[in-house]
Amino acid sequence: ERNQADVSEAKSGRADLIFLIRFRHCCLLRNQRCLLAYLYDRLLRIRALRWEYGSVLPNTIQFHMSAEEVEWFNRYKKSLATYMRSVGGEEGLDLTQDIKPPKSLYIEVRCLRDYGEFEIDDGTTILLKKNSQHFLPRWKCEQLIRQGILEHVLS
(Lines give C-alpha, C1' and ligand atoms only; values in the text may rest on other atoms or scores of the structure.)
Protein backbone atom coordinates (compact mmCIF):
# COMPACT_ATOMS: atom_id res chain seq x y z
CA GLU A 1 0.00 0.00 0.00
CA ARG A 2 2.85 2.36 0.80
CA ASN A 3 4.43 1.50 -2.54
CA GLN A 4 1.22 2.33 -4.37
CA ALA A 5 0.95 5.64 -2.55
CA ASP A 6 4.59 6.41 -3.38
CA VAL A 7 4.02 5.48 -7.04
CA SER A 8 1.19 7.98 -7.31
CA GLU A 9 3.42 10.63 -5.69
CA ALA A 10 6.30 9.76 -8.05
CA LYS A 11 3.97 10.21 -11.04
CA SER A 12 3.19 13.71 -9.81
CA GLY A 13 6.87 14.67 -9.90
CA ARG A 14 8.76 13.25 -6.90
CA ALA A 15 11.55 11.32 -8.63
CA ASP A 16 13.43 10.72 -5.35
CA LEU A 17 10.89 7.98 -4.43
CA ILE A 18 11.72 5.75 -7.41
CA PHE A 19 14.62 3.99 -5.65
CA LEU A 20 12.49 3.34 -2.56
CA ILE A 21 9.69 1.97 -4.72
CA ARG A 22 12.10 -0.34 -6.57
CA PHE A 23 13.64 -1.53 -3.30
CA ARG A 24 10.25 -2.37 -1.77
CA HIS A 25 9.16 -4.08 -4.97
CA CYS A 26 12.32 -6.23 -5.04
CA CYS A 27 11.70 -7.16 -1.39
CA LEU A 28 8.13 -8.20 -2.21
CA LEU A 29 9.31 -10.32 -5.15
CA ARG A 30 11.94 -12.00 -2.98
CA ASN A 31 9.39 -12.77 -0.27
CA GLN A 32 7.05 -14.17 -2.92
CA ARG A 33 9.79 -16.46 -4.30
CA CYS A 34 10.65 -17.68 -0.77
CA LEU A 35 6.99 -18.39 -0.01
CA LEU A 36 6.50 -20.30 -3.26
CA ALA A 37 9.64 -22.37 -2.62
CA TYR A 38 8.38 -23.18 0.89
CA LEU A 39 4.94 -24.23 -0.38
CA TYR A 40 6.47 -26.34 -3.15
CA ASP A 41 8.72 -28.09 -0.63
CA ARG A 42 5.68 -28.87 1.53
CA LEU A 43 3.87 -30.36 -1.47
CA LEU A 44 6.88 -32.56 -2.24
CA ARG A 45 6.90 -33.76 1.36
CA ILE A 46 3.15 -34.44 1.31
CA ARG A 47 3.59 -36.42 -1.93
CA ALA A 48 6.35 -38.45 -0.24
CA LEU A 49 3.98 -39.18 2.66
CA ARG A 50 1.63 -40.97 0.27
CA TRP A 51 4.44 -43.32 -0.75
CA GLU A 52 5.65 -43.82 2.82
CA TYR A 53 2.38 -44.24 4.76
CA GLY A 54 -0.07 -45.33 2.07
CA SER A 55 -3.45 -43.82 1.30
CA VAL A 56 -4.37 -43.06 4.93
CA LEU A 57 -2.23 -40.63 6.88
CA PRO A 58 -1.84 -40.92 10.66
CA ASN A 59 -3.77 -38.31 12.65
CA THR A 60 -0.55 -36.88 14.09
CA ILE A 61 0.60 -35.93 10.59
CA GLN A 62 -2.81 -34.79 9.34
CA PHE A 63 -3.11 -32.48 12.36
CA HIS A 64 -0.17 -30.41 11.06
CA MET A 65 -1.61 -30.02 7.57
CA SER A 66 -3.91 -27.26 6.34
CA ALA A 67 -7.28 -28.05 4.76
CA GLU A 68 -5.86 -27.23 1.33
CA GLU A 69 -2.94 -29.59 1.88
CA VAL A 70 -5.28 -32.41 2.92
CA GLU A 71 -7.37 -31.73 -0.19
CA TRP A 72 -4.22 -31.80 -2.37
CA PHE A 73 -3.16 -35.08 -0.73
CA ASN A 74 -6.57 -36.63 -1.46
CA ARG A 75 -6.47 -35.49 -5.11
CA TYR A 76 -2.93 -36.86 -5.48
CA LYS A 77 -4.00 -40.14 -3.87
CA LYS A 78 -6.93 -40.49 -6.31
CA SER A 79 -4.76 -39.58 -9.29
CA LEU A 80 -2.12 -42.15 -8.30
CA ALA A 81 -4.79 -44.82 -7.75
CA THR A 82 -6.30 -44.14 -11.17
CA TYR A 83 -2.90 -44.44 -12.80
CA MET A 84 -2.04 -47.68 -10.95
CA ARG A 85 -5.39 -49.21 -12.03
CA SER A 86 -4.68 -48.30 -15.67
CA VAL A 87 -1.26 -49.98 -15.64
CA GLY A 88 -0.73 -53.71 -15.27
CA GLY A 89 -3.78 -55.37 -16.74
CA GLU A 90 -7.02 -56.20 -14.94
CA GLU A 91 -5.78 -56.01 -11.37
CA GLY A 92 -3.59 -52.96 -11.86
CA LEU A 93 -0.11 -52.51 -10.50
CA ASP A 94 0.65 -51.26 -7.01
CA LEU A 95 3.67 -49.04 -7.46
CA THR A 96 3.92 -48.30 -3.73
CA GLN A 97 4.82 -51.87 -2.77
CA ASP A 98 8.53 -52.00 -3.52
CA ILE A 99 10.13 -48.68 -2.70
CA LYS A 100 13.57 -50.28 -2.87
CA PRO A 101 14.29 -53.14 -5.25
CA PRO A 102 14.01 -56.45 -3.37
CA LYS A 103 17.02 -58.70 -2.92
CA SER A 104 14.79 -61.73 -2.31
CA LEU A 105 11.12 -62.47 -2.80
CA TYR A 106 10.61 -63.77 0.75
CA ILE A 107 11.75 -62.15 3.98
CA GLU A 108 11.68 -63.06 7.63
CA VAL A 109 9.53 -60.74 9.72
CA ARG A 110 8.72 -60.37 13.41
CA CYS A 111 5.33 -59.12 14.52
CA LEU A 112 5.66 -56.11 16.84
CA ARG A 113 2.03 -56.07 17.99
CA ASP A 114 -1.08 -58.18 17.65
CA TYR A 115 -2.61 -57.76 14.20
CA GLY A 116 -4.88 -60.75 13.68
CA GLU A 117 -5.25 -62.97 10.65
CA PHE A 118 -3.29 -62.17 7.50
CA GLU A 119 -3.99 -63.94 4.21
CA ILE A 120 -1.34 -64.45 1.54
CA ASP A 121 -1.91 -65.21 -2.17
CA ASP A 122 -2.04 -68.99 -1.95
CA GLY A 123 -4.98 -68.75 0.49
CA THR A 124 -2.94 -69.52 3.60
CA THR A 125 -4.02 -67.55 6.64
CA ILE A 126 -1.37 -66.60 9.16
CA LEU A 127 -2.07 -65.33 12.66
CA LEU A 128 0.13 -62.33 13.37
CA LYS A 129 0.64 -62.20 17.13
CA LYS A 130 3.14 -60.10 19.03
CA ASN A 131 6.74 -61.50 18.89
CA SER A 132 5.85 -64.24 16.36
CA GLN A 133 8.21 -64.69 13.40
CA HIS A 134 7.19 -65.61 9.86
CA PHE A 135 8.74 -66.12 6.43
CA LEU A 136 6.46 -64.16 4.07
CA PRO A 137 6.45 -62.75 0.54
CA ARG A 138 8.06 -59.31 0.66
CA TRP A 139 5.40 -57.55 -1.38
CA LYS A 140 2.59 -58.77 0.89
CA CYS A 141 4.14 -57.50 4.11
CA GLU A 142 5.99 -54.33 3.04
CA GLN A 143 2.97 -52.13 3.81
CA LEU A 144 2.72 -53.67 7.30
CA ILE A 145 6.42 -53.01 7.84
CA ARG A 146 5.92 -49.33 6.98
CA GLN A 147 2.95 -49.16 9.37
CA GLY A 148 5.08 -50.55 12.21
CA ILE A 149 3.15 -53.80 12.62
CA LEU A 150 5.94 -56.01 11.29
CA GLU A 151 9.71 -55.70 11.53
CA HIS A 152 12.12 -57.10 8.95
CA VAL A 153 14.45 -59.53 10.71
CA LEU A 154 17.94 -59.35 9.30
CA SER A 155 19.85 -62.60 9.79
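Residues L112 and E151 have side chains in contact (heavy-atom distance under 4.5 Å, counting atoms from C-beta outward). Looking at heavy atoms from C-beta onward, S55 lies in side-chain contact with K77 at the 4.5 angstrom threshold.
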Below 3.5 Å, can you tabulate the donor-acceptor pairs from side chains in residues 56-64 to any protein atom, sequence neighbours excluded?
none

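No single ILVMFWY cluster, assembled from side-chain heavy atoms under 4.5 Å apart, contains both L44 and W51.
The side chain to side chain contact (heavy atoms under 4.5 Å, CB included) check on L28 picks up nothing, with sequence neighbours excluded. Residues meeting the salt bridge (Lys or Arg N to Asp or Glu O under 4.0 Å) test with D114, sequence neighbours left out: none. Y40 meets the ring-ring contact (aromatic ring centres under 6.0 Å, His included) test with no other residue; sequence neighbours excluded. Take L35 and apply the side chain to side chain contact (heavy atoms under 4.5 Å, CB included) test, not counting sequence neighbours, and it matches L39. Applying the ring-ring contact (aromatic ring centres under 6.0 Å, His included) rule to Y106 yields the partners F135; only residues at least two apart in sequence or on another chain are considered. For Q143, the side-chain hydrogen bond (donor to acceptor under 3.5 Å, both in side chains) test picks out R146, with sequence neighbours left out. Remark: Y76 pairs with W72 by the ring-ring contact (aromatic ring centres under 6.0 Å, His included) rule, at least two apart or across chains. By the side chain to side chain contact (heavy atoms under 4.5 Å, CB included) test, S66 is found to be paired with E68, E69, residues two or more places apart in sequence or in another chain being considered. Shown here are the side chain to side chain contact (heavy atoms under 4.5 Å, CB included) partners of T125, two or more places apart in sequence or in another chain: E117, E119.
Atom NE2 of H134 sits about 6.0 Å away from atom SG of C111, to the nearest 0.5 Å. Interatomic distance, CZ of R50 versus CG of N74, reported as 11.0 Å (0.5 Å rounding). With rounding to the nearest 0.5 Å, the separation of CD in E1 from CG in N3 is 11.0 Å. One finds the CD atom of Q32 at 5.5 Å from the CG atom of L36 (value rounded to the nearest 0.5 Å). Distance check, rounded to the nearest 0.5 Å: CG of L20 to CD of E9 gives 10.5 Å. In this structure, CZ on R113 lies 13.0 Å from CG on N131, to the nearest 0.5 angstrom.
Salt-bridge annotation for D6 and R24: present, with a side-chain N of the basic residue lying under 4.0 Å from a carboxylate O of the acidic one.
Listed by first and then second residue, the ring-ring contact (aromatic ring centres under 6.0 Å, His included) pairs that reach into residues 17-39 come to none, sequence neighbours excluded.
Taking Ile, Leu, Val, Met, Phe, Trp and Tyr as hydrophobic and joining them when side-chain heavy atoms fall under 4.5 Å apart, one finds L144 in a cluster with I107, V109, Y115, F118, I120, I126, L128, L136, I145, I149, L150.
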### Message
Quick one, S132 with R110, criterion side-chain contact (heavy atoms from CB on, under 4.5 Å). Give me CA distance, side-chain angles, the key distance, then yes/no.
### Response
CA-CA 6 Å; S132 61; R110 179 181 302 117; over 6 Å; no
### H152 vs E108, side-chain contact (heavy atoms from CB on, under 4.5 Å): CA-CA, chis, key distance, verdict
CA-CA 6 Å; H152 184 188; E108 190 172 353; 5.5 Å; no
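Under a cut-off of 6.0 angstrom, the local environment of CZ in R75 is crowded, with over 12 non-hydrogen atoms contributed by other residues, nucleotides or ligands.
At distances below 3.5 Å, not a single donor-acceptor pair connects side-chain atoms of D41 with backbone N or O atoms of A37.
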